[in-house]
Engineer: 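Encoded as structure tokens, here's the structure I'll be asking about.
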Amino acid sequence: MPCHTARVTSMGDAISSTLLDWYDKHARALPWRSPPGEALPDDDAWPYRVWLSEVMLQQTTVAAVKPYFEKFTRIWPSVKDLATAPEHEVMAAWAGLGYYSRARNLVKCAREVARRGGFPKTEAELRELPGLGTYTAAAIAAIAFDSRAVVVDANVERVVSRLFNITDPLPASRKAIKEKAATVTPEDRSGDFAQAMMDLGSSICTSKSPRCLLCPLQVNCEGLRAGEPERLPVKPPKKAKPERKGTAYWIERDEHVWLVTREGTGMLGGMRALPDDGWSAREDGSGKPPIAADWQDAGTVRHTFTHAHLALTVKYGRTVSVPDGKGDWWPVSEIEAAGLPTLFAKAARTVLSRG
DNA sequence: CATACGTGGCT
DNA sequence: TAGCCAAGTAT
């Protein structure tokens with residue numbers, strides 16, 4: 001199943017050792033990393049930290065992840081601690097980081113790992129865990145367990161596309177990229193090699209203006225030789241995001257606000273939220289409030305998701321009754337601790353700064 | 001293979 | 001500033 005059988009070539013050897021030498025000097029110090037060349041201590045704390053960081057880092061910058069990683073490891077120092085945590089507490093702790101299916105799967109995965117008595121060590125077994133796809137399974141196998149695995153993320157796609165001047169557009173070029181990545185991935189230290197590729201991609205071989213003069217792989221780079229490495233990898237054109245409208249409702253009673261938990265696995269699924277009029281990325285909301293009240297307009301929040309723009313009108317009103325459906329009265333003074341995703345945190349701020 | 005799924009920072 | 005981009009996964 002894993003297609004990393006390609007033999008390391010002598011050119012591949014030269015590239016991997018050059019990059020590892022560079023990494024030994026320039027590796028970033030990150031909370032989930034051991035120093036370059038040092039294997040992680042053989043206890044369950046490190047696979048946990050590698051797994052947690054890798055999931056947080058999916059489509060997310062290092063800068064955004066750092067404070068969340070610190071918070072999670074402080075509250076839940078081991079995978080066992082996380083496995084016994086109530087799901088809503090984990091969701092609340094994840095609030096603001098985005099892609100909330102990651103948090104839902106994080107809990108499932110932690111419970112599965114705890115049930116098994118620890119993380120599996122092979123790439124294939126890791127791949128079976130919730131939230132671990134091709135990339136993350138390979139990354140954990142290589143980084144946490146020092147197994148030889150070919151790790152391909154967006155950085156590696158960029159570096160490899162340039163290194164081998166792969167000019168076919170993504171995603172069709174993925175197979176060729178993986179094959180080329182396999183030829184430069186060493187048998188030993190493939191975890192450090194993966195992290196070296198990612199550091200190189202984030203600091204030198206950047207998307208817009210690569211710093212080729214500083215690159216340790218400069219002399220090996222066919223894309224540079226061809227003249228326009230910054231054009232690689234070629235990507236498909238983006239689709240326009242639709243503009244959506246919706247309304248959220250701040251229902252207050254006795255210094256408490258009515259919060260609901262969003263159902264399902266769709267947008268913001270599982271997250272605490274203000275009740276709204278049913279807007280989605282596919283259609284505008286109905287504009288119908290959940291209860292009758294003397295609604296006041298608090299303003300409009302603009303927010304952009306991966307695949308839609310949203311203009312969310314925020315209305316507030318008081319009630320003496322309890323709205324239909326499930327929900328909780330949350331103390332207004334502690335709204336910061338409610339674990340609202342960013343959209344609704346903005347909405348709350350809008351109300352509280354005017355209301 | 002295409003689409004759904006967040007957010008903040010950088011250009 | 002509007003758009004692009006970041007250590008992808010699930011369906």
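What you see below is based on every heavy atom in this structure, not just the backbone, and it leaves out hydrogens, waters and symmetry mates.
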Engineer: Could you check how far OH of A:Tyr99 sits from P of B:dA4, rounded to whole Å?
Structural biologist: 12 Å
Engineer: Please tell me if A:Thr136 has a side-chain N or O lying less than 4.0 Å from either OP1 or OP2 of C:dT9.
Structural biologist: yes
Engineer: Could you state the CG-C1' distance from A:Asn105 to C:dG8, rounded to the nearest angstrom?
Structural biologist: 12 Å
Engineer: Show me the side-chain donor-acceptor pairs of residues 207-221 of chain A shorter than 3.5 Å, one per line, residues at least two apart or across chains.
Structural biologist:
{"unit_1": "A:Arg211", "atom_1": "NH1", "unit_2": "A:Ser203", "atom_2": "O", "d": "3.2"}
{"unit_1": "A:Gln218", "atom_1": "NE2", "unit_2": "A:Cys212", "atom_2": "O", "d": "3.3"}
{"unit_1": "A:Gln218", "atom_1": "NE2", "unit_2": "A:Leu213", "atom_2": "O", "d": "3.4"}

Engineer: Tell me, which pairs form a side-chain hydrogen bond (donor to acceptor under 3.5 Å, both in side chains) where one or both residues lie in residues 289-300 of chain A, sequence neighbours left out?
Structural biologist: A:Asp294-A:Gln296
Engineer: Scan for ring pair (Phe, Tyr, Trp, His ring centres under 6.0 Å) pairs involving residues 113-143 of chain A, sequence neighbours excluded, and state none if there are none.
Structural biologist: A:Trp51-A:Phe119
Engineer: Counting only side-chain N and O atoms of A:Arg158, is one of them less than 4.0 Å from OP1 or OP2 of C:dA6?
Structural biologist: yes
Engineer: Test question: given the 4.5 Å side-chain rule for I, L, V, M, F, W and Y, name all other residues clustered with A:Val234, or answer none.
Structural biologist: A:Leu232
Engineer: For DNA chain C, whose closest nucleotide is more 5', that of A:Thr306 or that of A:Lys208?
Structural biologist: A:Lys208
Engineer: Heavy-atom nearest nucleotide on DNA chain C for A:Ala137 versus A:Lys238: which residue maps closer to 5'?
Structural biologist: A:Lys238
Engineer: What is the distance, rounded to the nearest whole Å, between atom NZ of A:Lys241 and atom C1' of B:dA4?
Structural biologist: 12 Å
Engineer: Return yes if some donor-acceptor pair links the side-chain N/O of A:Lys71 with the main-chain N/O of A:Ala93 below 3.5 Å, else return no.
Structural biologist: yes
Engineer: Mind checking if A:Arg28 touches a base, just sugar-phosphate, or nothing, with heavy atoms under 4.0 Å?
Structural biologist: base
Engineer: Just do the side-chain hydrogen bond (donor to acceptor under 3.5 Å, both in side chains) check on A:Ser78 and A:Asp81 with the steps written out, would you?
Structural biologist: CA-CA 5 Å; A:Ser78 74; A:Asp81 297 318; 2.9 Å; yes
Engineer: Starting from P on B:dT7, measure out to NZ on A:Lys346 and report it in whole angstrom.
Structural biologist: 8 Å
Engineer: Indicate the atoms forming the closest heavy-atom contact of A:Pro242 with A:His307, along with that distance.
Structural biologist: CD-O, 3.2 Å
Engineer: In whole angstroms, how far is the P atom of B:dT7 from the NE2 atom of A:His309?
Structural biologist: 15 Å
Engineer: Within this structure, what is the CZ-to-C1' distance between A:Arg302 and B:dG8, rounded to whole angstrom?
Structural biologist: 16 Å
Engineer: For A:His26 and A:Asp199, work out which heavy atoms get closest and say how close.
Structural biologist: O-OD2, 4.4 Å
Engineer: Taking OP1 and OP2 of B:dC5, is either one under 4.0 Å from a side-chain nitrogen or oxygen of A:His307?
Structural biologist: yes
Engineer: What parts of residues 198-207 of chain A reach DNA chain C, counting only heavy atoms under 4.0 Å away?
Structural biologist: A:Met198, A:Ser207
Engineer: NA contact type, A:Thr134, heavy-atom cut-off 4.0 Å: base, sugar-phosphate, or nothing?
Structural biologist: sugar-phosphate
Engineer: Counting only side-chain heavy atoms from C-beta out, which of C:dG8, B:dA2, B:dG6 sits nearest to A:Asp153?
Structural biologist: C:dG8
Engineer: Here's a test of your reading of the structure: between A:Tyr100 and A:Ala172, which maps to the more 5' nucleotide of DNA chain B?
Structural biologist: A:Ala172
Engineer: Looking across every strand, which nucleic acid part, if any, lies under 4.0 Å from A:Ile140 by heavy atom: base, sugar-phosphate, or nothing?
Structural biologist: nothing
Engineer: Looking for any heavy atom pair under 4.0 Å, which part of the strands does A:Ala139 touch: base, sugar-phosphate only, or nothing?
Structural biologist: nothing
Engineer: What's the closest nucleotide to the side chain of A:Leu268 if the choices are C:dG8, B:dA2, B:dG6?
Structural biologist: B:dG6
Engineer: Look at the side-chain N and O atoms of A:Arg127 and state whether any lies under 4.0 Å from the OP1 or OP2 oxygen of C:dA10.
Structural biologist: yes
Engineer: Please list, by residue number, the residues of residues 51-64 of chain A whose heavy atoms come closer than 4.0 Å to an atom of DNA chain B; answer none if no residue qualifies.
Structural biologist: A:Gln59, A:Thr60
Engineer: Answer yes or no: does a side-chain N or O of A:His303 lie under 4.0 Å from OP1 or OP2 of B:dG6?
Structural biologist: no
Engineer: Contact class for A:Thr304 vs. all strands (heavy atom < 4.0 Å): base, sugar-phosphate, or nothing?
Structural biologist: base
Engineer: Considering every strand and a 4.0 Å limit on heavy-atom distances, what is the contact class for A:Gly96: base, sugar-phosphate, or nothing?
Structural biologist: sugar-phosphate
Engineer: Please check if any side-chain donor atom of A:Thr60 sits under 3.5 Å from a side-chain acceptor atom of A:Arg102, or the reverse.
Structural biologist: yes
Engineer: Please evaluate residues A:Ser280 and A:Glu283 with respect to the criterion side-chain hydrogen bond (donor to acceptor under 3.5 Å, both in side chains), reporting the C-alpha separation (whole Å), side-chain torsions for both, the decisive distance (0.1 Å), and the verdict.
Structural biologist: CA-CA 5 Å; A:Ser280 74; A:Glu283 59 179 1; 4.9 Å; no
Engineer: Kindly determine whether A:Thr136 and A:Gln58 satisfy side-chain hydrogen bond (donor to acceptor under 3.5 Å, both in side chains), including the steps that lead there.
Structural biologist: CA-CA 8 Å; A:Thr136 308; A:Gln58 290 167 3; 2.9 Å; yes
Engineer: Measure NZ/A:Lys239 against C1'/B:dA4 and give the value in whole Å, please.
Structural biologist: 11 Å
Engineer: To the nearest angstrom, how far is A:Leu106 atom CG from C:dA10 atom C1'?
Structural biologist: 16 Å
Engineer: With a 3.5 Å cut-off and just heavy-atom distances, do the side chain of A:Thr342 and the base of B:dG6 make a donor-acceptor pair?
Structural biologist: no
Engineer: Between B:dG8 and C:dT9, how far is it from one P atom to the other, in whole Å?
Structural biologist: 22 Å
